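These numbers were taken from a predicted model, which means no experiment stands behind them.
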Amino acid sequence: MTIPTPAAADLRFAYGTNGLTDLRLDDALALLADLGYDGVSLTLDHMHLDPLAPDLDARARRVGQRLARLGLTVAIETGARYVLDPGRKHHPTLLDPDAGARAARVDLLVRAVRVAAELGAHAVHCFSGVRPPGTAEDTAWRRLGDALQPVLEAATSAGVPLAVEPEPGHLLADLAGFHRLRRELGDPPALGLTLDIGHCQCLEPAPPADCVRAAAPWIRHVQIEDMRRGVHEHLPFGEGEVDVPPVLEALRAMDYRGLVGVELPRHSHAGSELARSSLAYLKAAELTAARGGVAC
C-alpha cells in the first residue's frame, strides 16, 4: 500500500487503538476516519489484528485495504499488555533472563515489521522493558542490543524504521538512554525514536518542546497526551501540565512527516468521546501555535 507524502510541515493526527479496545477494529477505524483523523496508531493485540493468530499476512492485507478505503495512514505499536503472557503485563521483554522468552518478544517485533511493510506504516514502535531483578545494568544493555539486532535487520530489509520508545521505569527510560542504545549499536539507519510527549513532561529535564528540537534527527513516531511532572499517568488533554502548542510548533518546524498519535490506553471506556475531544483540542492547539501563542 502506497502512502501519499504530505505537504511540508503538515501535521497528521492519529489515535491509538489501545485506547479503543472496546471497539472492533473495523469500527474503530471507521470512527477515526469519520472524526477527521489522518491515521491510526495500531497496537497489535488479540482484539485488533492479533499478531499470533493464523493467516496474519492475509488479515493484514485486509486491514490495509480498509485503511486505504478510509484514507488513513498507520503506525504499528507493540505495547499490548498481555499478548504474549496472559499472566504478566508486557512480558516477556527483550531483557528477560530466559533466551527463549526474549526470542518470543523478538518474534513479535519481527511480525510487527512484516505487518508494517504490508500496511505501508511509517514506523514500528517498541520498548526495552524493565530491568529484571538481579540483572546487572551492563548485562541488560547487552541483552537489549543483541535482541534488537534481528529486528533491525528485518526493519532494514522492509524499509520500515524501528522506533524505540523511552518508557518511565524501563531500562531505556529517557532520551539519554536512547542515545546510549544508538551509540552502542553503531547508530544503525533503521533505528529511530518514538517520542512520547507526556513522558517528556514526566521525567525529562527539558520542556517537551525542547525535547522535540533536541531529538528531531531521530524522531520517527510521536505519541501525545497530557501528563504531570513526576507522575507517569496518561491523561486527557487539559488535565495535566503539557503545553501543547509549542510542541506542535516544534514538530512543524522540524518538518515531521509521521503521525502524532494520541495515547490514552487506560481510557477505552470513553474512547469514542475522547477521540472526538482530543482531535478538537489538537486542532485548536495547532491554530494557537500558528498564531504564535503559547497556550490553549
Roughly how far apart are [X] [atom1] and [Y] [atom2], rounded to 0.5 Å?
X: L195; Y: Y256; atom1: CG; atom2: OH; value: 9.0 Å
X: I197; Y: E225; atom1: CD1; atom2: CD; value: 8.0 Å
X: L259; Y: Q223; atom1: CG; atom2: CD; value: 11.0 Å
X: M47; Y: T17; atom1: CE; atom2: OG1; value: 8.5 Å
X: L191; Y: L181; atom1: CG; atom2: CG; value: 5.5 Å
X: Y15; Y: Y37; atom1: OH; atom2: OH; value: 6.5 Å

Please name the pair of heavy atoms, one in [X] and one in [Y], separated by the smallest distance, quoted to 0.1 Å.
X: G129; Y: L95; result: O-CD1, 3.3 Å
X: D26; Y: R66; result: O-NH2, 3.3 Å
X: L193; Y: A215; result: CD2-CB, 3.6 Å
X: V124; Y: A116; result: CG2-CB, 3.3 Å
X: V247; Y: P208; result: CG2-CB, 3.7 Å
X: A147; Y: P150; result: O-CD, 3.3 Å

Do [X] and [Y] make a side-chain contact, defined as non-hydrogen atoms from C-beta onward lying under 4.5 Å apart?
X: H179; Y: W218; result: yes
X: P236; Y: H267; result: yes
X: L29; Y: V40; result: yes
X: H48; Y: R24; result: no
X: P245; Y: D243; result: yes
X: L52; Y: R111; result: yes
X: L172; Y: E167; result: no
X: F13; Y: I224; result: no

Test your reading of the model: is there a side-chain donor-acceptor pair from [X] to the backbone of [Y], 3.5 Å cut-off?
X: T73; Y: D38; answer: yes
X: H122; Y: R220; answer: yes
X: T288; Y: A284; answer: yes
X: R59; Y: D50; answer: yes
X: S277; Y: E273; answer: yes
X: D196; Y: H199; answer: yes
X: R105; Y: L109; answer: no
X: E204; Y: L175; answer: yes
X: R102; Y: P97; answer: yes
X: H46; Y: P51; answer: no

What about [X] and [Y], same hydrophobic cluster or not, with Ile/Leu/Val/Met/Phe/Trp/Tyr joined at side-chain heavy-atom distances under 4.5 Å?
X: F178; Y: V130; result: no
X: M227; Y: L203; result: no
X: L31; Y: L49; result: yes
X: L264; Y: L35; result: yes
X: L235; Y: L248; result: no

Does R229 have more than 12 heavy atoms from other residues, nucleotides or ligands lying within 6.0 Å of its CZ? yes

Here's a test for you: under side chain to side chain contact (heavy atoms under 4.5 Å, CB included), which of V262, L20, L23, L279 qualifies with L32? L20

Go through the steps to decide whether H221 and E77 satisfy the test side chain to side chain donor-acceptor pair (under 3.5 Å), and finish with yes or no. CA-CA 10 Å; H221 182 44; E77 301 203 359; 2.8 Å; yes

Does the gap between the ring centers of H234 and H232 come in under 6.0 Å? yes

Is the distance between the ring centroids of H90 and F127 under 6.0 Å? yes

Quick test of your reading of the model: are [X] and [Y] salt-bridged, counting only N-O distances below 4.0 Å?
X: R257; Y: D255; answer: yes
X: D146; Y: R142; answer: no
X: R180; Y: D138; answer: yes

Who pairs with S268 by side chain to side chain donor-acceptor pair (under 3.5 Å), at least two apart in sequence or on another chain? T21

Looking at K89, R88, R81, which one forms a salt bridge (Lys or Arg N to Asp or Glu O under 4.0 Å) with D85? R88

Before giving the answer on side chain to side chain contact (heavy atoms under 4.5 Å, CB included), spell out for L94 and V151 the whole-Å C-alpha distance, their side-chain angles and the decisive distance to 0.1 Å. CA-CA 11 Å; L94 297 171; V151 187; 5.6 Å; no

Between L84 and L108, does the side chain to side chain contact (heavy atoms under 4.5 Å, CB included) criterion hold? Intermediate values first, please. CA-CA 8 Å; L84 292 176; L108 174 67; 3.9 Å; yes

Derivation of the side chain to side chain contact (heavy atoms under 4.5 Å, CB included) call for E263 and N18: CA-CA 8 Å; E263 183 80 359; N18 63 357; 3.1 Å; yes

Side chains of D226 and Q201: donor-acceptor distance under 3.5 Å anywhere? no

Carefully, step by step, assess Y281 and L274 under the rule side chain to side chain contact (heavy atoms under 4.5 Å, CB included). CA-CA 10 Å; Y281 187 98; L274 281 171; over 6 Å; no

Please assess R266 against E233 for the test salt bridge (Lys or Arg N to Asp or Glu O under 4.0 Å), listing each intermediate value before the final yes or no. CA-CA 9 Å; R266 297 183 181 179; E233 182 183 3; 5.8 Å; no

